[in-house]
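What follows is a short report on a single structure.
To find a chain, count down the sequence lines: A is the first, B the second, and so on, and within it residues start at 1. Because only heavy atoms are used, hydrogens play no part in the values below, and waters and symmetry mates are left out as well, while side chains stay in.
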Protein chains: 2
Amino acid sequence: MTRARGITIKDVARRAGVSITAVSHALNDKGTLSAATREHIRTVADEMGYEADALARGLRRSTMGAIGLVLRSLDALGDYAPAGVDVFERFVGAAASQALARGLSLMLVPDLTRAPVPPLAFSLDGYIVTNPHVDDPVIARLEERGIPYVTYGRPPGRPDFTHWASEDDEDSARLVLNHLATAGARSVALVRGTDPNAWNLEHQEIYLGWCEERGSTPRLYELPERAGVEGGVALADRILDEGLPDAVFCLTGRHAAGVQRGLMARGVRVPAQTMVVAGSDSEHARNSRPAISALELNPVDSSAALLDILQSLIAGRPADAPRLTRARFRPRASTRR
Amino acid sequence: MTRARGITIKDVARRAGVSITAVSHALNDKGTLSAATREHIRTVADEMGYEADALARGLRRSTMGAIGLVLRSLDALGDYAPAGVDVFERFVGAAASQALARGLSLMLVPDLTRAPVPPLAFSLDGYIVTNPHVDDPVIARLEERGIPYVTYGRPPGRPDFTHWASEDDEDSARLVLNHLATAGARSVALVRGTDPNAWNLEHQEIYLGWCEERGSTPRLYELPERAGVEGGVALADRILDEGLPDAVFCLTGRHAAGVQRGLMARGVRVPAQTMVVAGSDSEHARNSRPAISALELNPVDSSAALLDILQSLIAGRPADAPRLTRARFRPRASTRR
DNA sequence: CTAGAAAGGTAAAACGTTTTATGCAATGCT
DNA sequence: AGCATTGCATAAAACGTTTTACCTTTCTAG
């Protein structure tokens, strides 16, 4: 498997009649070459279609032109190809799109804490980590190596860390809760996941705060992300047994779809008796009957913001961070009264 | 930006009291070291948490543990983050999943033919290219560099090339067409994309063959992939003006959704007067009213097959290829009579 | 007792860059 | 005239591996 390598700097140097140092300097705007030589070398290099080898370049501590993406949340889901889970699928696409538009390649990297670590993992210029946990070991590894990173969703328990971007959870959660209140809901139950990430933790905070403000008793349920729709169906029984709330706010679309199905299977009419709403849109939410109102997250803006920050970090510039993006609320039949 | 490198082979050698050659040999099962030394070195390396630097290793023409993914079809769509286009979104996820499960990282690489080429692009171990075109320049570049690759969908016009995997188009297209015939359709129109990939070309062949067998006059329409739903709406007018067929088979879900909407806007009743079916499922197909029957492609099995083949190629073993996977037909309201 | 092989190990070259240190003219200044 | 400065270019070191070639010992056979 000895690979046909491309044109090397040596080839260019020979053809241009200069040293390899001259070539390197000409192409990287370093050194003290005369404008004429520089130009000449560039022309020759172009003609020959020279492209510096990334590996050799990387070895000398330059930049690789590639960043890593760790989908922390997928580890939680236990499935790297979950059908219909909008955020992750779309986030990969959006992040790739943003990266490619900036001339960066995007590498999907599995859990960095499990051996064997993917070979290139620690050679990348930087990382995007989605939905980090409390004390996330992936982040610990990156810091240990001094690799710049940004997170999609703030890392919980790290008030000092600012290099993150996310939808404005406070804003959007209140949008949802107030929407429910306006529609006449007095008691609202929250169904969150068990993954200890900012998404789950912050929504819980906001929810509890909102309940307190309104003097209503919080009803909080935790359901593992990977339980999916079936888990939601099962949870519906419990919710029902403990007394039907006016509305159920599920943070994931799958849970929402399951809860609604479970409730309806027991004869509950949605939205007449109880409303259901999802904190992140997904195909399950859209395709349920009645269709479930949901927050549509904003992976495009978020990933753009993340790449802005990450590029600043890599360049050693101060970063404009954190950055908040706006989710859109999609009211649907499940909350229409 | 001088990065904190990890433990190097030199550190291990010093600690183990041997030469760096010894370390390299011990860890790679080369050379003529005694079993004892080998074991000792391994122990020391493990203790220190040594991981060979991928760049340095790659420089010596070894393997990188990473493969590239070129989403040819997205170039055609002109958008790297098309919402609701199942195959591509899900294929990325599925391919990533498969790659990660085999300890390979997956790198999303933009069009290799446009400068600047992403730095690491030509250093990867191999490539998956989705839906290559006739005379695809991306493939030309890979061959020029001697980089192994496999394709999702066979490369058109290359009967000799076998390193591909795909759903069985012949099988599934006939499934669709016969389903329509059974439901009473005599005249069926085909709407294909303009991208010259196997998907479009083969379906056209199969369709024409099927028409000929049944003695029905083919009605073939071409619509650019990027025209999307709107393009389908517009095309509906033309189809209608040329006489309503009993069924319209659109190769993409977006086109199907558009065509159906356009027909219905002009008063055509679906499925009563005309049935609509999509050759690849997508959210648009599922969410149209009536819901559009569609083929659900199989990115999971396909990407698994592709990785099998690619790994064989990289290892220099003969590959079991090509490999066909099965799509599932999802009958929905748009063809229910 | 010695030539040759086998066993066990290492030094050094190579991979393709970037970076640092150095060299050599030509020019400017007293 | 002599010395510092400037302008331009290059040699060589370094990055962290793998691989090739070579060097000791020790063993075996004659």
Return the set of residues passing salt bridge (charged side-chain N to carboxylate O under 4.0 Å, His left out) with [X] (not counting sequence neighbours), or none when no residue passes.
X	answer
A:Glu39	none
B:Asp136	B:Arg72
A:Glu47	none

**Q.** Distance in angstrom units between A:Leu59 CG and C:dT17 C1', rounded
**A.** 8 Å

Q.
Tell me the interatomic distance from B:Ile9, atom CD1, to D:dT19, atom P, rounded to whole angstroms.
A. 11 Å

Q.
With a 3.5 Å cut-off and heavy atoms only, can you find an N or O donor on one side and an acceptor on the other between the side chain of B:Arg60 and the base of D:dT18?
A. yes

Q: Measure distances between side-chain N and O atoms of A:Thr21 and base N and O atoms of D:dA11, and say whether any donor-acceptor pair falls under 3.5 Å.
A: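 Result: at least one qualifying N/O pair found.
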
Q | Salt-bridge criterion met for B:Arg226 and B:Asp195 (N-O under 4.0 Å) | A |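 Looking at B:Arg226 and B:Asp195, the cut-off is not met.
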
Q. Got a sec? Which of residues 25-42 of chain B come in under 4.0 Å of DNA chain D, heavy atoms?
A. B:His25, B:Asn28, B:Lys30

Q) Do the side-chain N or O atoms of B:Ser24 get closer than 4.0 angstrom to the phosphate oxygens (OP1, OP2) of D:dT18? A) yes

Q) Sequence neighbours excluded, which residues qualify as side chain to side chain donor-acceptor pair (under 3.5 Å) partners of A:Ser312? A) none

(Q) Holding to side chain to side chain donor-acceptor pair (under 3.5 Å), I want the full list of residues that pass it with A:Arg141, two or more places apart in sequence or in another chain. (A)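 Side chain to side chain donor-acceptor pair (under 3.5 Å) list for A:Arg141, sorted by chain: A:Glu144.
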
(Q) Listing request: all salt bridge (Lys or Arg N to Asp or Glu O under 4.0 Å) pairs with a residue in residues 153-162 of chain A, at least two apart in sequence or in separate chains. (A) A:Glu143-A:Arg158

Q) Over its full length, what angle do the end axes of the helix from C:dC1-D:dG30 to C:dT30-D:dA1 make, each axis taken from five pairs and the result rounded to 10 degrees? A) 60°

Donor-acceptor pairs are to be reported for all side-chain atoms of residues 17-27 of chain B against protein atoms at under 3.5 Å, with residues two or more places apart or in another chain.
residue	atom	partner	partner atom	Å
B:Ser19	OG	B:Thr21	N	3.4
B:Ser19	OG	B:Ala22	N	3.1
B:Ser24	OG	B:Asn28	ND2	3.4

